[in-house]
Each structure stands twice: as C-alpha cells, then as structure tokens.
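In this text, all values refer to a predicted model and were calculated from it rather than measured experimentally. We name chains A, B, ... by the order of the sequence lines, and we start the count at 1 in each one.
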Amino acid sequence: MLFRRIYQFLIVYSIGLISLLLIKTALSLSDYVIPGFGLILETFQEVFDTYFLDAMNTMSVTVLGQCVSIALAFGVGIAGRRSSWMGSFIKVTAYNIQAYPIVALAPIIFILLGDGFISRLLIASMICYFPLLLSVLGIMATPVEDIEHFYIITGRMRWQLEVKIRAFENLSKLTTVISGSATLAMAGTIVAEFIAANAGIGYSIRVALYQSDLAKILIALFLIGIIISIYQGCLETLGEQIKTRWSVSKGGNPR
Amino acid sequence: MLFRRIYQFLIVYSIGLISLLLIKTALSLSDYVIPGFGLILETFQEVFDTYFLDAMNTMSVTVLGQCVSIALAFGVGIAGRRSSWMGSFIKVTAYNIQAYPIVALAPIIFILLGDGFISRLLIASMICYFPLLLSVLGIMATPVEDIEHFYIITGRMRWQLEVKIRAFENLSKLTTVISGSATLAMAGTIVAEFIAANAGIGYSIRVALYQSDLAKILIALFLIGIIISIYQGCLETLGEQIKTRWSVSKGGNPR
Amino acid sequence: EIELNYRLKWLFNTSVAGDIYADAKGYFSEAGLKVHVREGSPEKNAINELELGHADFGVASADQVIRALDKGAKIRVLAQLFQVNPMQWIYRADQPRIKTLDDLRGRNIGITFGGNDETVMNTLFAKAGITSKDVKITGVRFDFTPFFKREVDVWPVYFNSQGVILKDRLEKEGERVYFFNPADFGVNFVANSVISSEKVWKNRPEVVKKFMDALLKGWEAAMDPANEADVLMEVKKQDKESNDELRRLQLIATRELIKPSAGVKIGTMDVEAWKQTEAIMLNEKQIKKPVHVESVLKQ
Amino acid sequence: MHLECKNLNFTYPENDVPVIQNLSFLIKNPGFNAVFGPSGVGKTSLAKLIAKMDTHFTGTIVTQDMDIILYSYNQERLPGWSGTGSHLDKVTPEGKHPLKDQLIDIFELKPILRSRFSKLSMGQQNRINLVRYLLQDFDLLIMDESLANVDEKLRETIILSIKDLFADKMFLYISHNLMEVSSFCREILVFGKPSGNKTCSIIQGRDYIKGYAPDKQSLDRTMLEIMNAV
Amino acid sequence: MHLECKNLNFTYPENDVPVIQNLSFLIKNPGFNAVFGPSGVGKTSLAKLIAKMDTHFTGTIVTQDMDIILYSYNQERLPGWSGTGSHLDKVTPEGKHPLKDQLIDIFELKPILRSRFSKLSMGQQNRINLVRYLLQDFDLLIMDESLANVDEKLRETIILSIKDLFADKMFLYISHNLMEVSSFCREILVFGKPSGNKTCSIIQGRDYIKGYAPDKQSLDRTMLEIMNAV
Ligand SMILES: Nc1ncnc2c1ncn2[C@@H]1O[C@H](COP(=O)(O)OP(=O)(O)OP(=O)(O)O)[C@@H](O)[C@H]1O
Ligand SMILES: Nc1ncnc2c1ncn2[C@@H]1O[C@H](COP(=O)(O)OP(=O)(O)OP(=O)(O)O)[C@@H](O)[C@H]1O
Ligand SMILES: [Mg+2]
Ligand SMILES: [Mg+2]
C-alpha cells in the first residue's frame, strides 16, 4: 500500500516533469522559462537539505492542523446536523467563512491573533476542515433508521450515540475523506506559510517564486509529493486497520 | 430556506463586524487598522457599484467552475473507485495534485495556459473539485449489496448502473456536498483572481490588500457572503426538489 | 536589557542587510536592546502591528505611511532608508533605450494593479501626456513568465533584489537589460522608511534614540564595501535561498539605493520627495485630504 | 389496561387510497394478541399508529393504562462496533440482568453473544433484536414479524416463555403463520382482504400456555374461523 | 440435471467452528426442493456456496447441466429511482413480457407497480423481488426465505404456480414453514440441530401440485419424519 503510493507518485511526478521538458524542447523555451534537466538536478543538490528540513517542518504543522480540522469538522458537523434553526445557522456561518478566500481573511486573522504559530495553524486548519465538514454533515444528517429505531422508541437516544451510529455505519466513507484530507491539510499549511510564516516549505516556495526560480519550485513540489504520499499511505493503512478491527462488513451482505 | 439563509448571513456578518468595531473601540485603534463604521459606510457607497459588478463577474466563473469540478470529481471518483492498481493510481494522481497549493502550481499553469479565462476557470475548479472528489470516492467505493446483488448475480451489472445505484442511495449526502462545494468554487475563483486575473472581486480584494484598505475588504466580504448565500440557498432548494422528486425515503424506514 | 520588536516590510534578503547586520553584529545589544527582527509580507503590516502593540518599530513604505495618516493613525517616520526608490522597470537592451518619457509610447508595460508602481506609472503618464491609448498595459503577478516570453516589454521589479536576479538570469542566456528609473524623470516616490508609533516616540525618546543610533550604525557598517564579505555571510545565515554571487550583486545594488554617494548619511529624509509622494497620492485620489506628511518626519 | 381504536382512518401522504378505513376495535386486558391478515393490508401501518410513530390519522386511539408502547420489527439492526452480548448488557436496565440471562437461554443465544450482528444468520438477528425489547420497561410491545426468520420449534418455545414471563403485559404479534396465531394468541385482530368488503373482526385464539395439550378440533375450528374472516 | 455435494466443509474466516462439516447429498432432476433446519444451522451459507458466491470451501459441489444459478433472499431491495413496475420492465428479457404479466397477476402485484420499492409493505417487497428473479434465465434458483413475509394463502398460490410454470427448473426453497415445505416440496434437505449429532438427511416431500387434494395422513407422516430428522 505504502510502497505502491510512493512509486505511483514517482510515476506521476516523472510524467509531469517529462511533459514540461517536452514543452520546453518543442517551443525551444530558454532555461529561465522552464529550467533544463541539468539545472534541475544541480538545484536539487543545492537546496535538497534545506528544503527537506523545511518540508518536515511543514509536515509537523500539517499533522497538527489536520487533527484540529478533524475536531473542528466533527464539532461543527455534529452541531449543524439538525435541520433546526440553530443547525442551519451554524451551517451558514461555517459555509460563509469558507467562501472567504484565506488571503482576504489573513489580514484580519493577523490583527486578531498576531502572526505566530497559532495563525499558521488556524489558516492550515481552516483550509483543511471545510471539505471534511461537508462529508461529516452529509453523514451526520442522514439517519440510519433500522439501527436508530430501537434507541429512539425506548428513549435511549443521546446525541453521542446518534453520532457514533452514523459514523460507524459510514466508516469507510469517513476514512476515505479523512485520509484524503491530509493533502488538504498540507496544502493549507503551505498556503499559511506562504502568507504568514517565517518557516516551512511554503515560505521557501514564496522566496523561490519571488526569484521566479521554477527549478526550486519543482524540487519543492517533489518533496511535498513524496512526503504527502508517505503520510497518506500511513493514514490509509491505519484506516484499513481500524476498519478491520471494528469489522465493518455491514448490512448489505446477503445472509 | 432562501430567506433564512440570507438573514442568517446578515446576522453572522453583523456579529463579525460588531466584534471588529468593539475591538477597535477597546484598543482605540485608528481607521487604518480597523475602519470605523462611518468610513465603512462611506466606502460602501463609493465602491458598491464596481464591487457588485465584480462579484457578479466572479459568480459567473464560480458557476461554471463548479460545473467543471462536479464533472471532474465524478469522472475521477468513478474511475478511481475500484481498489485496482489503476484506481489507486488515479487516486494518487488526484491527491498529489491537490497537495500542491495552488500558489505553487499557478506559475506552471500560467506558463502552459497563459493567464486568461481558462487559467482562472482551471484554478477555480481545482480548488473546488477535490472535496467533492473525496465524497464521491467514499460513496462510489462503498457497495450497496442488498440492491446490487441482483444485478451482479444475473450478470447485468454495468459501471453506469453501479454508479447510479450508489449515487441514488447517497443522494442526500451528495446534495449536501455539492451545494456546500459552491462556497469552495467561489473561494477558488477568488483565489484565482487574486493571483491571476485583472477582473472579478478577487482582483479588487488584492488591490484593497495592497492599499491596506480593510474597509474595502469588508465590503467585498459582505458581497461575497450575500451572493454565496443566495446561490447556495438556490442550490439547496433545487437539491430538496430533486430529492423529493426522486423520493428517497429509503430502506431504514420501519415498514 | 529592553526587548523590542522590529517588523520589516518584506522577507529577509540582501535589501535588509543593515537590519540584519545591526542585529548580528551586536549593535543593538551594545545599546542595551534586545531586538527581534521579524520578516514582513503584504498581509503583515508594520503599521497595524505598531498600533496593536505587537511591534515597537517597523519598516513601511511612504505610501503606507501617508495612507495611514489619512486614516488617523498616529505614527512617526524616523529614517528614510532608501534614498532612491528600488521600484523600477526592467527592459531588454535589444529594445530602444527609454531616454524620454515619450519613449514609453507603444510599449507593452507591466503594472501591478493596486501597487505603488501603478501610482508611479500613472504619474509619469500624466507628466508626459500619455493616455491609455498610447501604451499597452498588462497586469503583472509575481512570476515573470510574460516578461521572459517577451509578451510584456517593460516589467516592474525591485531593482536591488528581483532586478539583480533577472539581470543575471537573462545575461546567462546572452541578453542584456536596462532599468527604467522614474526618479530620472522627476518622479521621486519615497520607498521604505523606519517608523514607530507616536506613543513610543513621545513616551520613550531614549529608546527611540538608542534603537535608531544602533540601527543606522548597522546600516552604515553594512553598506561599507570594506565589510562586504562579513555582511554577505550574515545575510546568508538568514537568506539561504539565493546563491552567493547573486547576494553579492544584490548588495552592490542595494548600496546604490541606500547610500548613493559617500556624502549621503543613511537615513536622511528627502522632505521634498515626501511632499511629492503625498501630492501624487492626493492627485491619484488615494487619500482624501492632505495629511502634511512632513509634520511626522523626524528632522 | 385496554387498547381501543375508534373510526380510525389513515392515508399515506403520497397515496390517494386510505390504508386504514374506519377501523374500530377493542382489546381488553393484558395478554398475547395478534394482528393477522394478507400482505399489504395495513398491519404495519396500524402498528406504527398505535406506537405513536405517526400521528396523521383521524379518529381516536385509546391506550388506557399503557404508558410505554414499543414497536419492534424484523429488519432492525444492532450497531456493529461490538459483539451482540455487550450491546445487550448495555441496554439492560438495572436489576434485569437475571431476566436477561434467562431470555438468552430460552432464545438459544449463548453461542452468538460474542459475534457481531452483521455476521449472524437471519433468525439469530431476529432473536437478538427481540430480546433487547423484552428487557425494556413496557406495557405494550408490538412485534411486527419479529420472529419471521426463526424456525417453528424455537418460535413456539419463545412465544410460550414470553407468555409465561410477561403475563401482565399486552402484546401485539404480527405474523403470517395461521397455526401459530390461532394456537397461542388470545385475541386476533383479523384484517379482511383489501379487495374484499374490507372489514375487520376480532376472533378468540386458543391462547395455549406452557405445557398445553393441543386440542386439534377446536384449533381447526379457530383456524377456519380466521380463514373465513380474511 | 443434478446437484451434488461431496464432503463439503466450510468455515467463515473469522470463526473457529466450521459451519458446514462433511456434508454430502445428491438431488437429482428438476423440481421444487427445500432446505429446512433450525435457525443458524448453515442453510444460507450452503446456498451461497452453491451459488458460487464464496469459494473458500473444501470438498466438491457438482452442478451438472446447470449453468445459471441464482441466489435470492428476502432482504434485497430494488433501486428507488422509479416505480417497481418500470424496474420489472427493464430487467425482463426479450420475449418474456407475457410471462411477466402472468406472474404479476399471480403475485397480486398489479396495484403496486407504480409505487417505489421503499414504500411497499414487507410482503409486497418479497414478492416483487422474487418475480424479477423468476423472469431471468436460470437453471437453479435458490429462494432464501424469499416469501417469509407473505401471507400463507398467497404463498401457496405462488408456490403452486411456480411449480406449474417452471417445471423444468430446479429450485431450492429455504423456509421455516414445516407444513408448506412438507406439502409442496419434492426433496427436502433437512439439517439437524447444530448441538445434536449434526447429520443431514434428504426426505421426500408430498410435492403437491395445482388442484391437489390434501392427504392429511401422509402429510402428517412427512412432517413427523422431518421433525425427527431435525
Ligand atoms: N411509507 C409508505 N408510503 C406509502 N405507502 C405505503 C407506505 N408504507 C406502506 N404503504 C402501503 O400501505 C399498504 C399497507 O402497508 P403495510 O406495510 O401496513 O402492510 P402490512 O399489512 O404490514 O403488509 P405485510 O404483511 O406485507 O408487511 C401497502 O399497500 C403499502 O404499499
Ligand atoms: N459472514 C459471516 N461471518 C461469520 N459467521 C457467519 C457469517 N454468516 C453467518 N455466520 C454464522 O454461521 C452460522 C450459519 O449461518 P447461516 O446464515 O448459514 O444460518 P441459516 O441456517 O441460514 O439460519 P437462519 O435460518 O437463521 O437464516 C451462524 O451461526 C452464523 O452466526
Ligand atoms: Mg408489515
Ligand atoms: Mg438464513
């Protein structure tokens, strides 16, 4: 699983790189528009060490940001699952904030929270949490009547139980979304670093952009890709284990 | 539904604005850091016309971008739903591209496509499609065995039918995600405009940001919020209608 | 030891060599100060931070200062770092040299909409009677592809950072470049300056004095060609991204802007340029009323 | 304790034809009663009205002295995150654990307490589901084909034990098994064929209890009576 | 046409005890046959093995001259996007539309063809599901409690008609109704109680066909025989 992810990523990346180089050759673009392979390799040796550390730094925020956004998504999703006024109000709030691109909110965030670690984490989580929220909302708002009936009619239903039932019944959907959202957490962290930070691979990308150095950007993309593949591979393996542990072969199976 | 969304948005926005003004008063900040109410009103009159047109411009790209990303998400989701090598390869590709923050990919996109309408649309769809993809993948990868059994054992199963069955069984989840993703399409369009375009509300935000003009940003946020509320209200109403039309009160209901 | 926060306008690179050097060489600590020098970005604004108390000193461009004054911010300008605005335009040498403003006609000119360069270029246009029909304007972003691909002829850059990089990059491909500097045509738009809030200025004059003395000492030392190797080493510690040769070229370019000649004291206020900057902004309707910026300049 | 319907009428919102039309009946006293009738006649619909799961009817339903009315049906599922035994434990009220163990014995559930619900056979699922309802406090329990997938022998044991253990409760047993209904139920609410003149009548069942000696003749008579009422 | 199992053994991956142990039997010729036995004994498991839905068994299953084996069960659902009638239309092979109409009549489905599946009563759902299987091309159809929620009268009509219409096919009918199985089935594969000495035997049913005159005594004998085999 994990190894498959990694070599599949390598294939994807190579295809991308080769296409770029082909375009370069076809249009005979100079090295400053699209860097040649030699230049990329050279740059790779030059910046690998720094970029690798930067990427690991980003990774640590990513993991934390993802945890925060999972918590956030479940919090909002659970609070907003009812079709009551309050539920819909929470949803409207969550949706609206999301519609505001982070670049527009960033100044306000910096005014309110300063530009430390917290802002970076907040921005990363905000980017990551919304897609999670959508799935969680969808799942939490759909009753599983043939399981819930008993608890409702005997007056035992509590919101915790309701959430547990619906989450469990949709475990494979949830693990798909959660492990998938790792990439969003990564992207979010990078964007946060891009506009806020003083560290991380996002910061390095900003500097490289400022220098219009595509070779460096390509190397950053490579590192991001490989790290996210590993992280996601791990998450998926974990997800599989949780699923088999909880043994979810559910309802539909002909008995 | 629609009206509820609008006045709920107005409440959210007012709360946000009042908090900002309270902070301003509490810390006695100047109009430069947080504009006073008078200044906001004045700016409102000044820029409303332009901003409104900009926002409508953005909106048109949003709608198109959302359509593209729905098509994309279903395309990739359906192609990647199997746990075969190809399915997982498609997923890896889709995930990796997503992990790259758009700010890092943008230069490559601009090199390849120029910075016209197409780039703007592509960036908007890329930001919007991934969350959709996650949900679609989750749904498409989960069999509905008690419905599918018949088609499988009689050899009638085609992928179109499989997709139709799974989509239908998860209709309410899908409509939640699709109508929710409208906000992402909007955010995506704005980001695209922010980094690429010379039109749209995202462009106006960038200009306001360069000028540190928070009043203008607040007005832009207001317009974005109100428009997205209306759009989403419409989508939800549509979703409800589709659901009742297709009459989805499913399985669980005690019979 | 007094702790202070100092917010720069942009990322660490050679164009803030003096700020880095003052810190690294212990000029601040000699003055009994512990200064946290922090990077900036468009989203992080020194003036906001001064008001919110997150920073004690900062770097802001003149247009930011004037805009803030227009909106009632209470700030003081302590030193004007750039004697020449680094905001210039680059163009290839295989194109006709821009000797007069009229030579701009017919060119495809890059402008960052909403940015300073737009204000400056509009002023130049007004001066030369150029209308939008006479030139082609292209909005620019942070990447230079349109310029590389010759879709845009005249491209806005910061002379001492991106300008150096671009020049180097193009020269590697055998192309030479020129810079178009608005100051050569009578438009003096002030760039980065050191600022503090009026509160700090009034209540802690001794801190202001100590800070400014140390900072300017740092800048003087950093701009001294004798220290070049040392300065470059200190900058490299903060800015790992560009290569040594580029940094050296950037430092030379920065020197031209900060200390155009040996006689100029670093930090000198060009009051006329400030007034012109305000006039331009008023003319461009970027501020609503005159703010008399000269009244907040430390003389 | 009595259950009474007066002029009950009920139509599903999206349908035109009423499912229940002018239904009136009275069942008095605790006991094991049945609802019987052809498929699609409205048994489940009536049960849900009685259990107050739907209130869009006209007419009256009197459930005197019965506070807790439970409705159970054979397609319910238990959550899958732990074995069925631990689910049973969790929903067993204070003090009813001895009863639980007794029921597990009667329902022959011991070997499957550690399995997940989804891994059970249909009859096993039926039984575990019914047991958890019996452990609740209730006055009236409606069992909508709750034992449909259990074999007849075990079903008989279960029904007789329920009658024995819960003599003071009222039950409504919905089943398609004529013999079973006739033998073990006290009062049987028989729905007529929907195409017919659609009346409903109450017929006395044999109401056998544990250790009964079957009286073939009277049982046949009851069965015939029911068949005629359908 | 014959169905034969030889030394069949099957264990679910996560279990230790085998569900099917050393099972051997032979059913020859077309006809309406049954699988009967207590709940949880392994009827469904066997059916799925025969239908090739699981292949992790040891021993052999011979399904000679039977190419198409279908397995249907009573908890299947039809997709919800259109009425049941139009679903039926869609899955009816070329040329079988007259058969479809005939089955709809027999199964009394006419009034519900325009309803969505989820709005049907349990018995209605059972019937519509079974009809679509009968319309397919098949050699062996396994009906796993497929009529469990249908009333006995209609069930009888349905079974008799199936025997009449599909005389050249083989059926395996899994049901808990002793009387029904004894009356209408040809060969009955009876599983013994799992706790007992767990053998399995084949018993000849009465195999009544349309217009039969019940012979009470021999029926009772068959029933007794089956009861003893369980
Ligand atoms: N949710 C619903 N919406 C519309 N019609 C319904 C709904 N549920 C049931 N019906 C219809 O109402 C009638 C009675 O259904 P009900 O489920 O009460 O029958 P039943 O007597 O329980 O039958 P069975 O023995 O087959 O379970 C049926 O014709 C059915 O199609
Ligand atoms: N997927 C599964 N995984 C593990 N064990 C299972 C699974 N399905 C069934 N079993 C177990 O195998 C045994 C036989 O189950 P099966 O469903 O074949 O019984 P059955 O004879 O059909 O019973 P019923 O009449 O109740 O439907 C049961 O004890 C059951 O708990
Ligand atoms: Mg029913
Ligand atoms: Mg079974």
Side-chain angles (χ1 to χ4, degrees), chain D residues 12-15 17 19 36-45 73-75 77 107-112 114-116 119-128 144-145 147-156 158 174-181 191 193-195 216 220 223 226-227 230, chain E residues 12-15 17 19 36-45 73-75 77 107-112 114-116 119-128 144-145 147-156 158 174-181 191 193-195 216 220 223 226-227 230:
Chain D
Y12 281 103
E14 58 274 7
N15 290 7
V17 237
V19 177
F36 188 86
S39 166
V41 81
K43 302 181 293 297
T44 299
S45 310
Y73 63 108
N74 75 336
Q75 290 181 350
R77 293 188 292 135
F107 280 64
E108 301 183 1
L109 290 173
K110 193 143 260 149
I112 58 154
R114 307 190 57 201
S115 306
R116 318 248 165 193
K119 306 277 178 192
L120 299 181
S121 81
M122 287 200 273
Q124 290 166 339
Q125 294 186 338
N126 282 182
R127 285 178 272 151
I128 203 98
D144 194 352
E145 313 198 23
L147 294 171
N149 309 99
V150 179
D151 59 286
E152 288 181 347
K153 223 163 146 187
L154 184 55
R155 212 152 64 191
E156 180 174 327
I158 289 175
I174 302 182
S175 160
H176 284 298
N177 195 315
L178 176 60
M179 169 106 73
E180 190 175 78
V181 164
F191 278 96
K193 243 203 148 74
S195 50
K216 237 172 171 297
D220 277 350
M223 281 166 63
I226 295 177
M227 289 313 291
V230 171
Chain E
Y12 281 104
E14 58 273 10
N15 290 7
V17 238
V19 177
F36 188 85
S39 166
V41 81
K43 303 182 291 298
T44 300
S45 310
Y73 63 108
N74 75 334
Q75 289 180 351
R77 294 188 290 133
F107 280 64
E108 299 183 3
L109 291 173
K110 193 144 255 151
I112 58 154
R114 307 191 55 201
S115 306
R116 317 249 166 192
K119 305 278 177 193
L120 299 181
S121 81
M122 288 199 273
Q124 291 166 339
Q125 293 186 338
N126 282 182
R127 284 178 273 151
I128 203 97
D144 194 352
E145 311 198 25
L147 294 171
N149 309 100
V150 179
D151 59 285
E152 289 180 346
K153 224 162 143 187
L154 185 53
R155 215 151 63 192
E156 180 175 327
I158 289 174
I174 303 181
S175 160
H176 284 299
N177 196 315
L178 177 60
M179 169 105 74
E180 190 173 80
V181 165
F191 278 95
K193 242 198 150 76
S195 49
K216 232 165 178 300
D220 277 350
M223 281 167 63
I226 295 177
M227 290 311 293
V230 170

field: Any side-chain heavy-atom pair of D:N74 and E:M122 under 4.5 Å
entry: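 Heavy-atom side-chain distance check passes, below 4.5 Å.
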query: Any side-chain heavy-atom pair from E:M227 and D:K153 closer than 4.5 angstrom?
result: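 Side chain of E:M227 against side chain of D:K153, heavy atoms only: contact under 4.5 Å found.
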task: Enter the distance from E:N149:CG to D:D144:CG here, rounded to the nearest 0.5 Å.
output: 8.5 Å
Rounded distance [0.5 Å steps], NE2 in D:H176 versus CG in E:N126: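 Nearest 0.5 Å value for the NE2-CG distance: 8.5 Å.
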message: Please give me the minimum heavy-atom distance between D:S39 and E:R127, naming the atom from each residue.
response: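 That closest heavy-atom pairing would be OG-NH2, 2.6 Å.
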Closest approach of E:E152 to D:N177 (non-hydrogen atoms, all atoms of both residues): OE2-CA, 3.3 Å
statement: Honestly, the part of E:E145 sitting under 4.5 Å from a heavy atom of chain D is side chain
message: What part of E:E108 gets within 4.5 angstrom of chain D, counting heavy atoms only: side chain, backbone, both, or neither?
response: side chain
- request: Verify the neighbour count for atom CE of E:M179: are there more than 12 heavy atoms of other residues, nucleotides or ligands below 6.0 Å?
  value: no
